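This report concerns only the one structure given below.
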Amino acid sequence: MARILEGAALACEGTATTKRPKAKATVKHGRIWARLDVGVAWPGPVSATARDLTARVRAEATRITGYDVVALDVGVHLVDAPEQTRRVR
């Protein structure tokens, strides 16, 4: 279950590629309780990214497992976005 949550988080735009998501989940009677820690690129729209990430992870976990996500606590850690390298000609 944790891998499904982590994979769904990685697919969301704005998540930092330098810090992989970490998830813990409990599944009981067809219901999921989960905690997800995710790195989000800074500077950027952190609030919007967190909302989008939560909705997408919930939807993806339900789609793949068929289980109801009862609780999903998302911890967001700000990670400096790597600077774009520019070529000088």
Side-chain angles (χ1 to χ4, degrees):
M1 177 53 61
R3 297 284 185 231
I4 291 170
L5 299 169
E6 292 165 356
L10 271 178
C12 292
E13 189 166 332
T15 57
T17 56
T18 56
K19 180 174 174 36
R20 291 192 50 85
K22 299 283 186 211
K24 290 186 180 185
T26 301
V27 179
K28 203 179 238 186
H29 307 294
R31 299 161 94 191
I32 302 168
W33 288 264
R35 168 80 183 156
L36 180 64
D37 290 311
V38 182
V40 174
W42 175 259
V46 176
S47 298
T49 300
R51 279 191 306 272
D52 181 49
L53 184 128
T54 301
R56 285 180 180 226
V57 169
R58 263 184 194 276
E60 191 68 3
T62 299
R63 184 186 71 78
I64 291 172
T65 65
Y67 294 160
D68 183 32
V69 180
V70 175
L72 176 60
D73 296 325
V74 178
V76 173
H77 306 278
L78 300 179
V79 177
D80 287 334
E83 292 184 29
Q84 297 289 334
T85 56
R86 291 178 33 180
R87 291 181 127 178
V88 177
R89 293 181 188 210

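Only a predicted model underlies this, so the values are computations on that prediction, with no experimental measurement involved.
- In this structure the side chain of T49 never reaches within 4.5 angstrom of the side chain of C12, judged on heavy atoms.
- A continuous path of Ile, Leu, Val, Met, Phe, Trp and Tyr side chains, each step under 4.5 Å between heavy atoms, connects V76 with L5, placing both in one hydrophobic cluster.
- Note on L36: it clusters hydrophobically with M1, by side-chain heavy-atom contacts below 4.5 Å among ILVMFWY residues.
- The shortest heavy-atom contact between A2 and A23 is CB-O, 3.5 Å.
- Taking all atoms of both residues into account, the shortest heavy-atom contact from R56 to A11 is NH1-O, 4.4 Å.
- Going from atom CZ of R3 over to atom CG of L10 covers 10.5 Å, rounded to the nearest 0.5 Å.
- Cluster membership for W33 and Y67, using ILVMFWY side-chain heavy atoms within less than 4.5 angstrom, is not shared.
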task: Evaluate the criterion side-chain contact (heavy atoms from CB on, under 4.5 Å) for residue pair D37 and H77; output intermediate values, then yes/no.
output: CA-CA 7 Å; D37 290 311; H77 306 278; 3.6 Å; yes
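- Hydrophobic clustering (side-chain heavy atoms under 4.5 Å, transitive across Ile, Leu, Val, Met, Phe, Trp, Tyr) groups V57 together with V27.
- Both L78 and L53 belong to a common hydrophobic cluster when Ile, Leu, Val, Met, Phe, Trp and Tyr are linked at side-chain heavy-atom distances under 4.5 angstrom.
- To the nearest 0.5 Å, atom CG of residue L72 and atom CD1 of residue I32 are 9.5 Å apart.
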